[in-house]
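Numbers restart at 1 for each chain; the letters A, B, ... are given by sequence-line order, proteins then strands.
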Protein chains: 2
Amino acid sequence: MAKRPIDRRVARTRETLHQALLSLILEKGYEATSVEEVCERANIGRSTFYAHFTSKDDLKRSGLDHLRRKLLERHRSASASMPAGTRLLGFSLPMFEHARDHIDLYRALIGSKGGAIALDTIRQTLCDFVRGELATTKGKDATGIPRELVVQHIVGAYMAVLIWWLDDGAKLPPGQMDEFFQRLMSEGIASYS
Amino acid sequence: MAKRPIDRRVARTRETLHQALLSLILEKGYEATSVEEVCERANIGRSTFYAHFTSKDDLKRSGLDHLRRKLLERHRSASASMPAGTRLLGFSLPMFEHARDHIDLYRALIGSKGGAIALDTIRQTLCDFVRGELATTKGKDATGIPRELVVQHIVGAYMAVLIWWLDDGAKLPPGQMDEFFQRLMSEGIASYS
DNA sequence: GCGAAACAGCACACGATGTACGATAAGGGA
DNA sequence: TCCCTTATCGTACATCGTGTGCTGTTTCGC
């Protein structure tokens, strides 16, 4: 399990390729980007690309794994210092903040050009969070609503709001976005009908 | 605007191609399906394909336009016989029912293999519905929450629930799904925290 | 039936993919 | 510093899907 330090050339190549793909996604979208273009942008031979990744999708997956680990880590440390009862939607603020801190990354992955797989990775990660929290409030499911439906409901609303915020330029501060989302989610939209 | 009757051969070819694409999406997903395969499945020459559609995406778009028109029509007739005040989420039941009635179509377009563009078409159509209804309840937006955020929140939650329902085999009846969704949406999830 | 379409089948050029291999360069341990 | 290992490069090659053009043949609508 103790892996020896990776050759610097390998680390450099992988990182450069990741960056190149990201910048190209921002410019023309994921689907429209070819392996050849990624290599050209990264100044790396195409044969070298295939020495590290089996395809364009593989490169993207690798980047998403990295993101997923970061999200897990962030969620752990954030929810630890959170009073029970507020944890069900506790992913919201840290997530908004993480998105603001890495807005280029998120706009590339999530925005209208990013493609759906990246989005699904984040979605599933959030679903895991919510599912975990929901499992701790066992007594409250006398509503007859399937638990997984509630999970999808919460995360679906959140992802839509997040995407809208990012595509709109992330104008509102994360704290306010979090407040709005939590209000809508916990109190419902009764005041609108 | 009065268009002359379309040549039967044209109608037949187009319809056959649409069906062939649908069945292939169900089998192996949209991205993994080639124009050649669609033609083979449809027993139609590849050159004929390009006489009708400029690309695979074009064929899909054409099918989605058809679906969009159907949804608009259904929503109009349904919301007409609906008391004001219940219309904001009024798209829910008709949509669940439409999905159940054309479950193969929806599973192909929306399911995990369907690709994201189809999903976005439905999402945008629903957004239009909600945006329209929300505009009629002007007085209620003293919450300070941007109206578009509310729209995205509602439709995001709905789409997630719809997709879950379909991917899970549409076991619950549309009426119950509608009830669950409306409860979660109007009363919020306060009872869970 | 006749003329105008829609259609099939084929060939072609093009671009992207994934693989293979020898030559060169760079890293890391001694 | 030297030397061995390994990464990288460049190139060539086979494969596949795409979009277009062309020539007959079939079929529809009048």
Side-chain angles (χ1 to χ4, degrees), chain A residues 2-64 66 113-117, chain B residues 2-64 66 108 113-118:
Chain A
K3 45 186 163 186
R4 50 172 179 166
I6 300 177
D7 192 318
R8 291 178 189 172
R9 289 171 293 181
V10 176
R12 209 183 327 134
T13 298
R14 291 181 129 98
E15 178 58 24
T16 309
L17 284 172
H18 277 125
Q19 291 305 323
L21 177 60
L22 270 189
S23 72
L24 281 168
I25 289 179
L26 273 173
E27 284 175 25
K28 44 190 293 188
Y30 176 74
E31 308 291 350
T33 300
S34 72
V35 174
E36 229 158 358
E37 289 170 306
V38 176
C39 295
E40 194 183 347
R41 172 71 53 101
N43 261 318
I44 280 170
R46 206 162 62 87
S47 56
T48 304
F49 176 97
Y50 286 106
H52 290 275
F53 305 99
T54 66
S55 65
K56 189 176 64 167
D57 269 51
D58 191 31
L59 172 59
K60 185 179 60 182
R61 250 193 308 273
S62 161
L64 288 178
H66 192 252
K113 287 176 172 178
I117 299 96
Chain B
K3 46 186 164 187
R4 54 186 174 137
I6 299 178
D7 193 315
R8 289 176 190 174
R9 288 170 295 180
V10 176
R12 206 184 329 132
T13 299
R14 291 180 129 97
E15 179 58 23
T16 309
L17 284 173
H18 276 125
Q19 292 303 323
L21 177 60
L22 270 188
S23 73
L24 282 169
I25 288 179
L26 273 173
E27 284 175 25
K28 44 191 292 191
Y30 175 74
E31 308 291 351
T33 301
S34 70
V35 173
E36 231 158 357
E37 289 170 308
V38 175
C39 294
E40 194 182 347
R41 173 71 54 100
N43 263 318
I44 281 171
R46 207 160 60 87
S47 56
T48 303
F49 177 97
Y50 286 106
H52 290 275
F53 305 99
T54 65
S55 64
K56 191 177 63 167
D57 269 50
D58 191 31
L59 172 59
K60 185 180 58 180
R61 250 193 307 273
S62 161
L64 288 178
H66 192 251
K113 286 177 173 177
I117 298 95

Measure the distance from [atom1] on [X] to [atom2] on [N] and round it to the nearest whole Å.
{"X": "I44(B)", "N": "dA8(C)", "atom1": "CD1", "atom2": "C1'", "answer": "11 Å"}
{"X": "L24(B)", "N": "dG17(D)", "atom1": "CG", "atom2": "P", "answer": "13 Å"}
{"X": "D57(B)", "N": "dG17(D)", "atom1": "CG", "atom2": "P", "answer": "17 Å"}

If I take atom [atom1] from residue [X] and atom [atom2] from residue [Y], how far apart are they, to the nearest 0.5 angstrom?
{"X": "I6(B)", "Y": "T13(B)", "atom1": "CD1", "atom2": "OG1", "result": "11.5 Å"}
{"X": "L21(B)", "Y": "T16(B)", "atom1": "CG", "atom2": "OG1", "result": "12.5 Å"}
{"X": "L22(B)", "Y": "Q19(B)", "atom1": "CG", "atom2": "CD", "result": "5.5 Å"}
{"X": "E40(B)", "Y": "L24(B)", "atom1": "CD", "atom2": "CG", "result": "9.0 Å"}

Protein-nucleic acid N or O pairs under 3.5 Å, nucleotides 14-20 of chain C:
| residue | atom | partner | partner atom | Å |
| --- | --- | --- | --- | --- |
| dT17(C) | OP1 | V35(A) | N | 3.3 |
| dT17(C) | OP2 | V35(A) | N | 3.2 |
| dG18(C) | OP2 | Y50(A) | OH | 3.0 |
| dG18(C) | N7 | R46(A) | NH1 | 3.1 |
| dG18(C) | O6 | R46(A) | NH2 | 2.8 |

Under 3.5 Å, which protein N or O atoms sit close to an N or O of nucleotides 23-25 of chain D? Give each pair with its distance.
none

Only pairs under 3.5 Å count here: list side-chain donor-acceptor contacts from residues 26-39 of chain A, not counting sequence neighbours, and write none if there are none.
| residue | atom | partner | partner atom | Å |
| --- | --- | --- | --- | --- |
| E27(A) | OE1 | R41(A) | NH2 | 3.1 |
| E27(A) | OE2 | R41(A) | NH1 | 3.1 |
| E27(A) | OE2 | R41(A) | NH2 | 3.3 |
| K28(A) | NZ | E37(A) | OE1 | 3.3 |
| K28(A) | NZ | E37(A) | OE2 | 2.4 |
| Y30(A) | OH | D57(A) | N | 3.4 |
| Y30(A) | OH | D57(A) | OD1 | 2.7 |
| T33(A) | OG1 | G29(A) | O | 2.7 |
| S34(A) | OG | E37(A) | N | 3.2 |
| S34(A) | OG | E37(A) | OE1 | 3.2 |
| E37(A) | OE1 | S34(A) | N | 2.8 |

**Request:** Check every strand shown and say whether D58(B) touches a base, only sugar-phosphate, or nothing at a heavy-atom separation below 4.0 Å.
**Result:** nothing
**Fill in**
In terms of heavy-atom contacts, L17(B) and A42(B) come closest through CD2-CB, 3.9 Å
**Fill in**
The bend of the helix from dG1(C)-dC30(D) to dA30(C)-dT1(D), taken between the axes of its five terminal pairs at each end and rounded to 10°, is 40°
Please tabulate, one pair per line, each protein N/O and nucleotide N/O from nucleotides 25-30 of chain C that are separated by under 3.5 Å, including the distance.
| residue | atom | partner | partner atom | Å |
| --- | --- | --- | --- | --- |
| dA26(C) | N3 | R9(A) | NH1 | 3.1 |
| dG27(C) | OP1 | R12(A) | NH2 | 3.0 |
| dG28(C) | OP2 | R8(A) | NE | 3.4 |

Phosphate contact ([N] OP1 or OP2) by [X] side-chain N/O below 4.0 Å:
{"X": "T13(B)", "N": "dC7(C)", "value": "yes"}
{"X": "T48(B)", "N": "dA8(C)", "value": "yes"}
{"X": "H52(A)", "N": "dT8(D)", "value": "yes"}

**Fill in**
Residues pairing under ring pair (Phe, Tyr, Trp, His ring centres under 6.0 Å) where one sits in residues 39-60 of chain A, two or more places apart or in two chains, turn out to be H18(A)-F53(A), F49(A)-F53(A)
**Prompt:** Is S62(B) reaching over with its side chain to a backbone N or O of D58(B), donor-acceptor style, under 3.5 angstrom?
**Reply:** no
